[in-house]
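Heads up, the thing below is written out as structure tokens.
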Amino acid sequence: MAHVCIHWFRKGLRLHDNAALMAALKDCKELYPVFILDPYLHHTQVGINRQRFLIGALKDLDCSLRKLNSRLFVLRGKPEDVFPKLFNMWNVTKLTYEYDTEPYSLRRDEKVASLAKEHGVDVIYKISHTLYNIERIIEENNGKPPLTYKRLQAIVQNLGPPKKPIPAPTLENMRDVKTPHSEKYEDKYRIPTLEELQLDSKFLGEELFPGGEQEALRRLDEHMKRTGWVCSFEKPQTSPNSLSPSTTVLSPYVTFGCLSARTFWWRLTEVYRGRKHSDPPVSLHGQLLWREFFYTCSVGIPNFNKMNQNPVCTQVDWDTNQRNLAAWREARTGFPFIDAIMTQLRQEGWIHHLARHAVACFLTRGDLWISWEEGQKVFEDLLLDGDWALNAGNWQWLSASAFFHQFFRVYSPIAFGKKTDKNGDYIKKYLPLLKKFPPQYIYEPWKAPRSVQQAAGCIVGKDYPHPIVQHEQISKKNIQRMKEAYAKRSSDNNESPIKKQGVKRKTPSVIDMLQKKIRKE
DNA sequence: AAGTTGGTTGATAGA
DNA sequence: GTCTATCAACCAACT
């Protein structure tokens, strides 16, 4: 029996390494590739740069599908409202999609799958957003997510390398598959413009990172050609404030699924083959494993994007200070390094990982003592690669709320950037009003004598703000506050130890068996 | 079971 | 420019 099939694109906006799409093409007579603009996920609060990236990715996908004599159908509304109508209208018999571990997605997909069942529609989903089946990693760790990178590494080492990616469908795969075309479909299911999403494109800067699978693969090729660079890549050695990105900026493409993490992984393996190369955690393979690490945590730890009711998150009495939060968000802290980073973030939608460290530390435990949840919201809005699991995990890391605990190591908003940009060229690029300051004052313009400020054409307090905090004093005070939060944490844990243990496995895990074997030998 | 080890990416001073 | 000790002393996992 030949199926009428909907393939539902959500993340995974690509044709390559798309196992669910390939499953859709099996025994299929009619295929409807669908994308739904979900008001929960694609509301107007999501930044304009991200929306532009999404629209680019959808256009690219539609273009690739048309080359296969198909097309993309874009719909709007809550998926649980949209699907029953589609099931009836198109007489659908099969629904396929890529598995998604986010809490909202799991709830959504459960609803849609049960509606599909009611309509007699088969549901098939495949894992291809992550390197591994995340649940399997947790299982291997006795039902608990590993809380250290080392532990995750041990588990995936025993699981073996990730699955090999599968090729994109070809015209041959599409031979017996039709996508019904109709004049009225063209307008009804077309990709929206920014204006239709109530966004004004006059606020947009140059499109440095266009969305889409083709651009993702082009960018991957471009970087994989740099054999020496790839093999010697060490993330901590890359610069947060170079004038053009010091890393690949493939993250937005992986976030939206324009690039498969497994495709990236295996391309790296090819480049590494027979050559001396760096290793996790600092290598490019290592970066993909960090993603896997935070995905695993986000699945295994309840309330992962919150402080309250989050069992791994240190409870901290963060301040509520709307003025300071706004100053941080809007790049008016008076610290040029911080403000330049926040400007780049807003304009371009991407900043280097270490730049994220600097501004995240500044907002939370370092200076402003504002909750990491506030920073998380701003990043989700502005980052092209804003990813629910990675954003929550990294904010907890940087605020020393979980995973990272050496809270006495505080980034200096003045000294940190100087290591890789002594002249402050990065600051001058993003804060051009400071461009005439001499290098010795560019990181702390308030220290420049009045005459220097006048010569630079920028008076601190008038043209550029005074620093909103005194870093030296406030960071010392904050270290003490962190110390108290940790002390309270351990005393609370002693009173009522948190049951962190997971479900006992019926069968021993691969790791347990391996450890037994090692003990025997 | 208590003590040890290591932790992707701190800042600073001094050799 | 590179390296090391110091600052204070965290947690998770391992032994």
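All values below were derived from every heavy atom in this structure, side-chain atoms included, with hydrogens, water molecules and symmetry-related copies excluded. Keep in mind it's a predicted model, so treat the numbers as computed, not measured. A note on names: the letters A, B, ... follow the listed sequences, proteins ahead of strands, and every chain is numbered from 1.
- A:Ile442 has its side chain within reach of A:Lys428: a pair of non-hydrogen atoms, C-beta onward, lies under 4.5 Å apart.
- Within the structure, a side-chain polar atom (N or O) of A:Arg489 is placed less than 4.0 Å from OP1 or OP2 of C:dA12.
- B:dA15 is paired with C:dT2 under the criterion used here, namely a Watson-Crick or G-U wobble arrangement in which both key atom distances are under 3.5 Å.
- Taking only side-chain nitrogens and oxygens, A:Lys483 never comes nearer than 4.0 Å to OP1 or OP2 of C:dA8.
- Across all strands, A:Phe416 comes closer than 4.0 Å only to sugar-phosphate atoms, never to a base (heavy-atom distances).
- In this structure, C:dA13 forms a base pair with B:dT4, meeting either the Watson-Crick or the G-U wobble geometry with both donor-acceptor distances under 3.5 Å.
- Residue A:Val282 is classed as a base contact, given a heavy-atom separation below 4.0 Å to a base.
- At the heavy-atom level, A:Lys419 lies under 4.0 Å from the strands shown only through sugar-phosphate atoms.
- Of the candidate nucleotides B:dG10, B:dT12, B:dT8, B:dT12 has the atom lying nearest to any side-chain atom of A:Ala415.
- Minimum atom distance to the side chain of A:Lys150 is reached by B:dG7, of the listed C:dC14, B:dG10, B:dG7.
- B:dT9 is unpaired under the Watson-Crick or G-U wobble criterion, no partner having all donor-acceptor distances under 3.5 Å.
- Between C:dC10, B:dT9, C:dA13, one nucleotide has an atom nearer to the side chain of A:Gln406 than all others, and that is C:dC10.
- Across B:dA11, C:dC10, B:dT8, the shortest atom-to-atom separation from the side chain of A:His353 is found for B:dT8.
- Pairing for C:dA8 is absent, with no Watson-Crick or G-U wobble pair whose two atom distances lie under 3.5 Å.
- Base contact: A:Gln287 has a heavy atom under 4.0 Å from a base atom.
- Here A:Arg356 does not reach the OP1 or OP2 of B:dT9: none of its side-chain N or O atoms lies under 4.0 Å away.
- Across B:dT8, C:dA13, B:dA11, the shortest atom-to-atom separation from the side chain of A:Ser412 is found for B:dA11.
- When distances run from any side-chain atom of A:Thr148 to the nucleotides B:dT8, C:dC10, C:dA12, the shortest one goes to C:dA12.
- Listed candidates were B:dT8, C:dC10, C:dA9. Nearest to the side chain of A:Tyr149 is B:dT8.
- When the options A:Lys488, A:Arg365, A:Arg481 are evaluated for a salt bridge (charged side-chain N to carboxylate O under 4.0 Å, His left out) with A:Asp317, the one that passes is A:Arg481.
- Distance check, rounded to the nearest 0.5 Å: CG of A:Asn241 to CG of A:Asp421 gives 4.5 Å.
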